[in-house]
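The chains referred to below are lettered A, B, ... by the order of the sequence lines, with proteins before strands, and numbering in each begins at 1. Fair warning: this is a prediction, and the values are worked out from it, not measured in the lab.
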2 protein chains.
Amino acid sequence: MQTALATAGLAPVLATALLDRGVPRAAPPQPAAEARAGTRRTCAPDEEIFAEGDRAGTFYKVVSGVVRTYKLLSDGRRQIDAFHLPGDIFGVEAGGEHRFNAEAVTETRLVVHRREARALAGDDGLLAREVVAAMMRSLERAQDHMLLLGRKSAKERIATFLLCLSQRAGGAAVELPMSRTDMADHLGLTVESVSRAVTQLEREGLIELPPNRRAVVLRDPRALRRLAD
Amino acid sequence: MQTALATAGLAPVLATALLDRGVPRAAPPQPAAEARAGTRRTCAPDEEIFAEGDRAGTFYKVVSGVVRTYKLLSDGRRQIDAFHLPGDIFGVEAGGEHRFNAEAVTETRLVVHRREARALAGDDGLLAREVVAAMMRSLERAQDHMLLLGRKSAKERIATFLLCLSQRAGGAAVELPMSRTDMADHLGLTVESVSRAVTQLEREGLIELPPNRRAVVLRDPRALRRLAD
DNA sequence: CGTTCTATTGAAGAGTATCAAGCCAAGTGG
DNA sequence: CCACTTGGCTTGATACTCTTCAATAGAACG
């Protein structure tokens with residue numbers, strides 16, 4: 001096991017981040033930090049960004065597109081722990097190795113940051129502050145997701161997921177950049193169950209989908225919220 | 001939403017924590033920090049420590065005993081996100097309010113820390129370093145637990161849970177301080193399923209239980225690990 | 001248009017939940 | 001010391017949700 005975030009530079013940033021009146025939940029992309037100290041990278045759909053066990057020398061911020069991070073069981077069962085949207089930071093590790101696989105879901109542009117002290121400490125620790133906020137948001141999302149995975153029905157999972165997406169995307173109409181398989185592996189279901197639950201919500205009038213089924217309009221957010229609890 | 005960790009004092013600590021060669025995984029209680037700047041509190045079994053929505057003005061470190069933190073759905077379904085053993089820190093929030101309920105599982109002694117800068121910054125930031133390490137460990141455990149909840153069978157969940165407990169407790173013989181109901185609500189199962197899976201592992205010779213069923217000896221850790229993946 | 005890929009739908013089956021006893025250990029009071 | 005109670009754990013029978021297997025439908029692309 002090696003140094004992970006691996007920087008003394010993170011410390012001042014943490015303090016500052018925590019002093020902000022709360023962590024920004026709506027994840028406003030902070031364009032100021034995008035140009036900072038990071039190189040750029042573009043990924044084609046399904047392109048691997050890093051794999052479990054890779055040296056975790058860098059972390060990433062999504063500029064555009066969507067990224068999935070996931071773990072695998074030996075027999076191939078997959079759990080997508082999160083989808084990362086523009087503005088999100090992922091790939092920050094405590095240890096020296098990545099504990100996940102990361103792949104682009106769509107064509108994706110990233111900013112790649114080396115995790116040395118220098119880069120994080122620069123600019124008054126703006127980037128480091130972002131990293132810490134990202135970690136805390138990840139933890140909160142993971143905690144909410146455990147409730148979903150442990151205790152919610154298929155329909156409730158879909159409702160929760162769609163609400164969450166619409167919140168992050170910021171509108172009642174949401175694109176679904178990921179496949180049903182991706183959704184299934186995120187929600188602890190099978191493709192078929194996802195499809196059925198979506199269809200059911202649609203028939204009940206809570207949501208509406210275009211012919212290609214790759215977007216959703218939340219017709220009755222109140223009812224969805226009741227379902228999601 | 002308010003300041004959460006709420007301290008400038010955390011920043012230097014974060015840096016130091018991250019510079020340590022990896023985060024201590026076996027969670028060795030750091031007795032040096034226990035006496036520091038915190039008041040003590042003792043809780044009877046099932047006593048509430050804090051509830052969801054409470055102002056998060058303090059966080060906690062377990063000295064002895066076990067704590068469960070959980071979320072509830074409106075109809076009472078419960079998800080225990082974690083059990084906290086001696087040396088663990090819990091109750092650290094990004095926002096101004098606790099997002100969980102916390103209760104003592106057994107008779108428990110805690111150290112209570114106010115989350116002001118002063119306390120965290122003191123002593124060369126030793127406490128703050130612990131807080132950051134605790135957050136990262138929480139995140140990693142949450143991620144592993146999502147894989148369990150989303151993709152593992154009942155038997156695999158029990159195997160994983162017992163291995164994890166034995167690792168944290170540090171021995172092949174593990175006390176089970178929590179009830180079957182607590183285990184069920186942590187593993188996304190029912191009491192009956194937990195009981196059946198435990199019995200099954202016992203019949204297969206992978207584990208052994210005393211008559212009162214509140215402890216486990218791991219007879220075949222290799223087979224358990226294979227199950228847990 | 002045909003091919004391909006993804007999503008949907010249907011039927012059958014597996015695994016877990018639910019409902020209902022029964023069991024066992026510990027505690028209580030006679 | 002021994003019923004009696006109590007609470008948690010286990011076991012059994014049945015139900016139900018979701019999965020699995022299989023086929024169809026629909027959109028995207030050449």
Side-chain angles (χ1 to χ4, degrees), chain A residues 44-46 68 73 75-79 105-107 148-162 175-204 207-216 227, chain B residues 44-46 66 68 73 75-80 105-107 148-162 175-204 207-216 227:
Chain A
D46 298 322
R68 61 176 170 256
L73 293 178
D75 63 357
R77 280 174 288 176
R78 184 177 68 154
Q79 177 66 36
V105 173
T106 62
E107 174 91 11
L148 178 150
L149 293 171
R151 288 298 179 223
K152 291 185 185 177
S153 71
K155 212 162 100 179
E156 291 167 340
R157 292 180 198 205
I158 297 292
T160 306
F161 177 69
L162 295 178
E175 296 297 313
L176 294 178
M178 69 292 292
S179 69
R180 294 292 189 267
T181 303
D182 282 348
M183 286 174 58
D185 285 348
H186 181 51
L187 301 175
L189 300 169
T190 60
V191 194
E192 294 92 334
S193 292
V194 170
S195 185
R196 279 185 248 270
V198 167
T199 302
Q200 199 181 346
L201 290 175
E202 187 183 24
R203 268 199 289 260
E204 292 167 356
I207 61 176
E208 201 175 328
L209 286 84
N212 77 356
R213 322 245 83 199
R214 280 306 197 102
V216 181
L227 262 180
Chain B
D46 298 322
V66 181
R68 59 178 171 254
L73 293 176
D75 63 357
R77 279 174 289 177
R78 183 177 70 153
Q79 177 65 36
I80 295 177
V105 173
T106 62
E107 174 92 11
L148 178 151
L149 293 171
R151 288 298 178 225
K152 290 185 185 176
S153 71
K155 211 162 100 178
E156 291 167 341
R157 294 182 196 204
I158 297 293
T160 307
F161 177 69
L162 295 179
E175 296 296 314
L176 295 177
M178 69 292 290
S179 69
R180 294 295 189 266
T181 303
D182 281 349
M183 288 174 57
D185 285 350
H186 181 50
L187 301 175
L189 300 169
T190 58
V191 192
E192 294 92 333
S193 292
V194 170
S195 184
R196 277 186 249 270
V198 167
T199 301
Q200 199 180 347
L201 290 176
E202 188 183 23
R203 269 199 288 258
E204 292 167 357
I207 60 176
E208 202 175 325
L209 286 84
N212 77 358
R213 321 247 86 200
R214 279 307 197 100
V216 181
L227 261 181

The first and last nucleotides of DNA chain C lying within contact of chain A, meaning any atom under 4.0 Å from one of its heavy atoms, run from C:dT6 to C:dA11
Its dot-bracket string being built from Watson-Crick and G-U pairs below 3.5 Å, with | for another strand and [ ] for crossing, DNA chain C has the pattern ||||||||||||||||||||||||||||||
Please list, chain by chain and in numerical order, all residues satisfying salt bridge (charged side-chain N to carboxylate O under 4.0 Å, His left out) with B:Arg68, sequence neighbours excluded. B:Asp46, B:Glu103, B:Asp182
I need the minimum non-hydrogen distance between B:Gly150 and A:Leu149, along with the two atoms involved. CA-CD2, 4.1 Å
Side-chain contact test, heavy atoms from C-beta onward, threshold under 4.5 Å: evaluate it for A:Met183 versus A:Ile158 and give yes or no. yes
Need one value for B:Asn212: base, sugar-phosphate or nothing, where a base atom within 4.0 Å counts as base even if backbone is also close, heavy atoms only. nothing
Answer yes or no: is there a donor N or O on one side and an acceptor on the other, between the side chain of A:Arg151 and the main chain of B:Leu189, under 3.5 Å? yes
Sorted by chain and number, sequence neighbours left out, salt bridge (charged side-chain N to carboxylate O under 4.0 Å, His left out) with B:Glu156 holds for A:Arg77
Hey, where on DNA chain D does chain B first and last touch, going 5' to 3'? Cut-off is any atom under 4.0 Å from a heavy atom. D:dG8 to D:dA13
Those residues at least two apart in sequence (or on a different chain) that pass side chain to side chain donor-acceptor pair (under 3.5 Å) with A:Thr181 are none
Near DNA chain C, counting only heavy atoms under 4.0 Å, which residues of residues 175-187 of chain B show up? none
Using the side chain to side chain donor-acceptor pair (under 3.5 Å) criterion, which residues pair with B:Glu175? Sequence neighbours excluded. none
Looking at residues at least two apart in the chain, or sitting in another chain, which of them share a salt bridge (charged side-chain N to carboxylate O under 4.0 Å, His left out) with A:Glu202? A:Arg213
Quick check: closest heavy atoms across B:Ala159 and B:Leu201, and the distance to 0.1 Å? N-CD1, 4.2 Å
Taking DNA chain D as the partner, which of residues 190-203 of chain A come within under 4.0 angstrom of it by heavy atom? A:Thr190, A:Glu192, A:Ser193, A:Arg196
Shortest non-hydrogen contact from A:Pro210 toward A:Ala215: CD-O, 3.0 Å
Going by the rule salt bridge (charged side-chain N to carboxylate O under 4.0 Å, His left out), which residues pair with B:Arg196 if we only count those two or more places apart in sequence or in a different chain? none
State, yes or no, whether a side-chain contact exists between B:Leu162 and B:Leu176 at a heavy-atom distance under 4.5 Å. yes
Any donor-acceptor N/O pair, A:Arg180 side chain to A:Val191 backbone, under 3.5 Å: no
My understanding is that only residues two or more places apart in sequence, or in another chain, count here; which of them pass side-chain contact (heavy atoms from CB on, under 4.5 Å) with A:Pro211? none
Treating A:Gln79 as the side-chain partner and A:His186 as the backbone partner, does any N or O pair qualify as donor plus acceptor under 3.5 Å? yes
